[in-house]
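Working notes, structure below.
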Amino acid sequence: MYGGDETNGVVVDCGSSTTRAGYAGEDTPEALFPSVVGFSTADAEGQARPETSNKRQKTSATIPSTRKLRAGNAQLDYRHEGFEVEPVFQYGNFTSIEAVEALWEHAWRDRLRVNIEEHPVMMAEPVFQTKAAREQLLEALFETHKAPAAFMAKSAVLASYAMGRQTSLMVDAGHNGTVVAAVHDGFVLKHSITQSCIGGSALSQCMLKSVEAKNISVKPRFAFKRQETSPGHFEVQDVGLKGLTDSFCKFHVQQIAADIKESIGRVSDLPFSASENANIPTVNYELPDGNEIQIGPERFNVPEVLLQPSLLQSTFAGVVDTAAAQGASPASLLDVIQDSISRSDVDVRRELYNSILLTGGCSLFATLRDRLERELADAAPQTAKVKVTSPANATERRFAVWIGGSILASLGSFQQMWMSKKEYEEHGAALMHRKAP
Amino acid sequence: MSDVKDILGMSRAPDRSEVQPKPKEQKAKRPEGMSREAFALLDGSHPIAPSSFVADLAKKQAGLKEKRTPAEKRGQVVWEMRPFKNEARQDGLELRHWAKCLKDNAGRVRLAEDGEYPFARLDCKPMVYRHDDEEWDNVIVKDADWTREETEYLLDLCDQFHLRFLIIADRYEAPAGKTRSMEDLKARYYTIARQLLIAREGGPEQVAHQTIVKYPFNADAERARKRAVEALLARSAGQEAADQATLEAARGIENTRRAAAIPRKQPPAADTVELATPVDLPEQPLPGASSLLGADLKPAQLKPGVFSRAAHMREVARQQLANVPGGARAQKQVDTLLAELGPKGEPVCATQATCAAYLALRADIVQMLELRKRLQHRQAAEASQGGSEGRGRRAHKGKVPARYDA
């Protein structure tokens with residue numbers, strides 16, 4: 001590989017729905033697990049809180065700082081009584097540093113099985129991450145985990161590199177919302193960052209509401225037992241949800257709703273209205289307990305929320321708590337993109353229109369790219385040619401940020417840009433703002 | 001043989017001294033550079049041509065052929081995970097990577113290539129003009145708007161972002177809290193750069209060819225240009241369409257004007273040309289009759305089909321010419337006369353009148369030629385015979401042949 005020099009770096013990308021971790025130089029992450037941590041409420045009771053250093057000010061209201069946080073599919077997928085589950089990232093910012101560290105440890109110790117003291121760490125961070133949060137993460141990385149070198153790169157830049165561009169308008173349609181940022185020559189233009197709080201999580205909730213509106217209850221897998229009474233016939237026995245916490249059940253039901261949305265959801269080619277298309281043919285979906293449901297217009301109506309957020313007030317009212325999103329209002333993808341471009345310098349606008357890159361979980365809706373391109377071409381200035389690009393491969397689309405981190409960390413010319421432990425000790429965490437502006 | 005030896009009284013043991021050691025056969029040695037297979041093809045009768053090896057030898061001497069140290073001398077190639085020094089780093093961080101090493105027979109391992117890290121020299125930055133204290137006092141013209149701290153902050157950013165003003169403007173957070181547009185930042189930087197360059201090189205003349213000096217940055221022009229670009233982008237589809245329509249109309253008008261301005265060639269006025277048409281040609285072609293004319297200037301009888309009047313006329317003319325008695329010479333005469341008398345070539349526009357006139361002309365010419373020939377013959381005959389009457393009596397020179405009635 002010309003230009004490449006692998007120094008065995010480890011790339012970690014903590015996203016809002018999943019965390020990706022793996023080795024630099026590879027094309028897919030090795031470890032993929034949900035960005036949630038669980039803790040047993042029984043652990044916390046009866047323990048006095050030890051004196052922690054007062055640098056750790058950011059603690060969540062619900063997670064007490066003493067219990068053992070567990071992460072990873074193995075911990076979350078089986079029935080735990082008294083086990084609370086909390087997502088680590090709420091609208092981009094992490095709830096507590098311990099939660100993030102729990103994710104890291106699960107990735108390094110349990111999945112990759114590396115001793116992080118021997119590997120430089122490439123971290124992907126959200127574009128709107130504050131300097132204080134950055135410093136906190138670096139502190140944890142160098143002091144607690146003793147990494148030899150680290151670098152924090154903005155996710156928009158990494159995704160852009162994964163698609164081979166240095167200048168682009170990066171549209172990251174993720175779980176907690178959509179983030180649009182302009183990248184120019186490998187640097188993010190801070191004034192062009194715009195967000196919308198409609199993302200995969202909102203869409204999953206809308207889908208769940210549609211299913212429940214048909215009087216079907218979605219049961220998580222641990223809530224029932226299926227026994228084969230005769231060949232091919234199964235009997236479902238309710239086991240019940242006794243002792244299980246709300247957050248735990250909610251997490252698993254959300255996962256099923258997300259699966260429904262991913263497997264049958266589609267973005268229609270033209271603006272979709274549920275009332276006009278009430279009689280379109282339905283599609284079957286089999287729930288884990290064997291129940292088959294018919295999904296009709298919701299197939300198109302739910303992903304339509306991305307482009308017509310007014311549905312959140314009409315059809316899916318009360319589903320998404322939009323007030324809780326800090327700094328991000330429900331806006332359609334088109335508005336968010338145009339807003340971002342209008343905030344950039346005039347000279348670069350035409351180039352941005354020409355290189356819009358669509359990545360993230362929600363971009364996996366196959367027809368979203370075409371629809372977006374068509375609608376943007378109508379709304380954009382006539383002199384600007386609109387082109388929306390998305391990686392052809394579904395894996396690349398989903399993990400574009402991680403892949404960009406893998407590319408960057410394995411470049412020969414990047415090896416001089418790491419921030420080493422020695423530099424951290426000399427200059428402090430603030431040096432990272434200079435090294436990775 | 002043995003009984004002879006008995007007779008002679010010699011012993012039976014073989015005599016070593018008698019056997020002469022045969023001269024050892026010299027095996028031809030394979031010259032270096034020749035392959036074993038090729039050498040095996042040669043036999044003793046053919047002396048090996050030395051010319052090709054001389055060429056190889058010359059090459060070796062010139063050093064063109066690389067000497068490859070044999071594998072045994074070099075060592076076995078082994079890959080090892082080794083820490084390496086990166087010259088572009090200042091903190092001495094040693095990361096590890098796979099490096100190609102050579103292991104010799106004794107087991108000692110050393111690096112195959114040693115030298116600076118190949119990617120270290122890719123750390124290049126554009127030149128940013130920075131002032132020191134002395135230059136700040138003497139060279140830089142003081143600007144009320146820019147304090148020294150702010151100027152230094154700007155220069156730091158220029159350094160960090162490699163003079164990418166788009167990003168510098170985006171990340172600019174002045175210590176004093178003023179908001180600056182990209183043009184302000186560029187203006188300040190380029191003013192400083194210009195002053196420093198002139199001061200360092202000694203005078204404006206030395207550096208007059210440099211871009212910074214020749215074209216100083218004009219912030220107002222940049223602002224106006226950006227406003228224009230913004231206006232361009234803000235136009236709606238309707239405006240765009242209206243503009244295109246106006247441009248199309250303007251182009252059309254331009255074209256018509258240009259076409260009208262060219263002096264046109266005047267076509268010959270139709271009424272000044274007189275066509276000598278045969279008198280008996282009907283003014284209008286009779287209905288039912290073809291308007292194509294044959295050689296006799298009557299409507300030609302033709303099979304139903306599509307005909308071109310000019311082609312038909314040519315055909316008729318050709319036939320007419322072919323029918324002229326006298327052969328090629330007569331035909332040529334017809335042509336020359338036609339050229340003299342008539343218009344140059346065939347009628348430009350093949351109408352019935354013109355075709356009729358043309359054909360009539362040709363017919364007249366043919367007829368005239370024939371008459372002329374006859375006249376010439378007659379004259380020639382008269383000249384030779386001296387008279388034109390009584391051909392019979394006079395031709396015989398006074399002697400009248402006996403008649404059967406006398």
Side-chain angles (χ1 to χ4, degrees), chain A residues 2-9 118-120 148-149 167 182-193 341-351 353 377-384 409-427 431 433-435 437, chain B residues 81-99 117-124 156-157 159-173 179 181-183 222-223 225-244:
Chain A
Y2 50 83
D5 189 18
E6 290 191 30
T7 47
N8 284 350
E118 295 165 12
H119 300 267
T167 304
V183 176
H184 181 82
D185 263 356
F187 295 100
V188 171
L189 296 178
K190 284 211 155 83
H191 287 108
S192 69
I193 299 174
I341 295 184
S342 66
R343 294 216 219 141
S344 330
D345 191 69
V346 271
D347 283 331
V348 84
R349 275 182 212 175
R350 215 178 269 179
E351 202 181 345
Y353 269 117
D378 289 336
Q382 295 307 308
T383 42
S410 54
L411 283 180
S413 37
F414 177 76
Q415 303 308 324
Q416 73 213 30
M417 290 173 65
W418 294 105
M419 176 166 163
S420 64
K421 192 144 184 287
K422 188 162 157 214
E423 282 178 337
Y424 168 77
E425 283 157 10
E426 270 178 40
H427 306 277
L431 180 64
H433 307 309
R434 249 200 92 77
K435 286 209 150 216
Chain B
M81 190 74 170
R82 283 201 165 199
F84 66 96
K85 276 198 221 334
N86 190 341
E87 284 77 17
R89 293 195 69 93
Q90 281 86 44
D91 61 350
L93 171 73
E94 287 200 354
L95 294 169
R96 290 153 69 217
H97 69 174
W98 288 105
Y117 184 55
F119 296 103
R121 61 187 167 83
L122 295 175
D123 185 20
C124 43
D156 278 337
L157 279 184
D159 227 343
Q160 191 182 15
F161 293 118
H162 303 191
L163 285 182
R164 294 186 174 108
F165 278 100
L166 192 69
I167 299 147
I168 293 171
D170 183 63
R171 304 287 177 101
Y172 192 80
E173 276 158 33
T179 40
S181 71
M182 196 157 100
E183 285 73 48
E222 276 291 302
R223 272 186 267 263
R225 183 186 66 84
K226 288 203 175 168
R227 271 198 298 272
V229 173
E230 200 158 355
L232 185 70
L233 286 174
R235 292 162 77 205
S236 70
Q239 278 176 323
E240 209 39 55
D243 272 355
Q244 288 295 336

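Side chains included, hydrogens not; waters and symmetry mates left out as well; all remaining heavy atoms used. A note on names: the letters A, B, ... follow the listed sequences, proteins ahead of strands, and every chain is numbered from 1.
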Hey, is B:Arg164 close enough to A:Asp185 for a salt bridge, meaning N to O under 4.0 Å?
-> yes
Looking at A:Lys190 and B:Glu173, does any basic side-chain N land under 4.0 Å from a carboxylate oxygen?
-> no
May I have the step-by-step check of side-chain contact (heavy atoms from CB on, under 4.5 Å) for A:Asn8 and B:His97, ending in yes or no?
-> CA-CA 7 Å; A:Asn8 284 350; B:His97 69 174; over 6 Å; no
Looking at residues at least two apart in the chain, or sitting in another chain, which of them share a ring pair (Phe, Tyr, Trp, His ring centres under 6.0 Å) with A:Phe187?
->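 With neighbours one apart ignored, the set is B:Phe161.
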Given A:Glu423 and B:Arg89, is the side-chain contact (heavy atoms from CB on, under 4.5 Å) satisfied, shown in steps?
-> CA-CA 11 Å; A:Glu423 282 178 337; B:Arg89 293 195 69 93; 3.6 Å; yes
Side-chain contact test, heavy atoms from C-beta onward, threshold under 4.5 Å: evaluate it for B:Phe119 versus A:Leu411 and give yes or no.
->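 They are not in side-chain contact.
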Structural part of B:Glu230 lying under 4.5 Å from a heavy atom of chain A |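 Both backbone and side chain.
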With a 4.5 angstrom heavy-atom cut-off, could you sort out which part of B:Arg227 is near chain A: side chain, backbone, both or neither?
->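 Answer is neither: B:Arg227 stays 4.5 Å or more from chain A.
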Under 4.5 Å from a heavy atom of chain B, the part of [X] involved:
X: A:Pro437; answer: both
X: A:Val188; answer: both
X: A:Ser413; answer: both
X: A:Arg350; answer: side chain

Heavy-atom closest pair (A:Asp345 atom, B:Leu166 atom, distance to 0.1 Å) is CB-CD1, 3.3 Å
What heavy-atom pair brings A:Gln416 and B:Asn86 nearest, and what distance separates the two atoms?
->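 Answer, listing the atom of A:Gln416 first, then B:Asn86: N-ND2, 3.6 Å.
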Which of [options] touches chain A most, by non-hydrogen pairs under 4.5 Å:
options: B:His162, B:Arg171, B:Arg96; answer: B:Arg171
options: B:Arg225, B:Met182, B:Gln90; answer: B:Arg225
options: B:Glu240, B:Glu87, B:Gln239; answer: B:Glu240

Point-to-point distance, once rounded to the nearest 0.5 Å, from OG of A:Ser192 to CG of B:Asp170 =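 Reported value, rounded in 0.5 Å steps: 6.5 Å.
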In Å, rounded to the nearest 0.5 Å, how long is the span from OG1 of A:Thr383 to CG of B:Leu232?
->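 One finds 4.5 Å between OG1 of A:Thr383 and CG of B:Leu232.
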Please walk me through it: do A:Glu118 and B:Leu95 pass side-chain contact (heavy atoms from CB on, under 4.5 Å)?
-> CA-CA 9 Å; A:Glu118 295 165 12; B:Leu95 294 169; over 6 Å; no
Might you work through the side-chain contact (heavy atoms from CB on, under 4.5 Å) test for A:Lys422 and B:Leu93, ending with a clear yes or no?
-> CA-CA 8 Å; A:Lys422 188 162 157 214; B:Leu93 171 73; over 6 Å; no
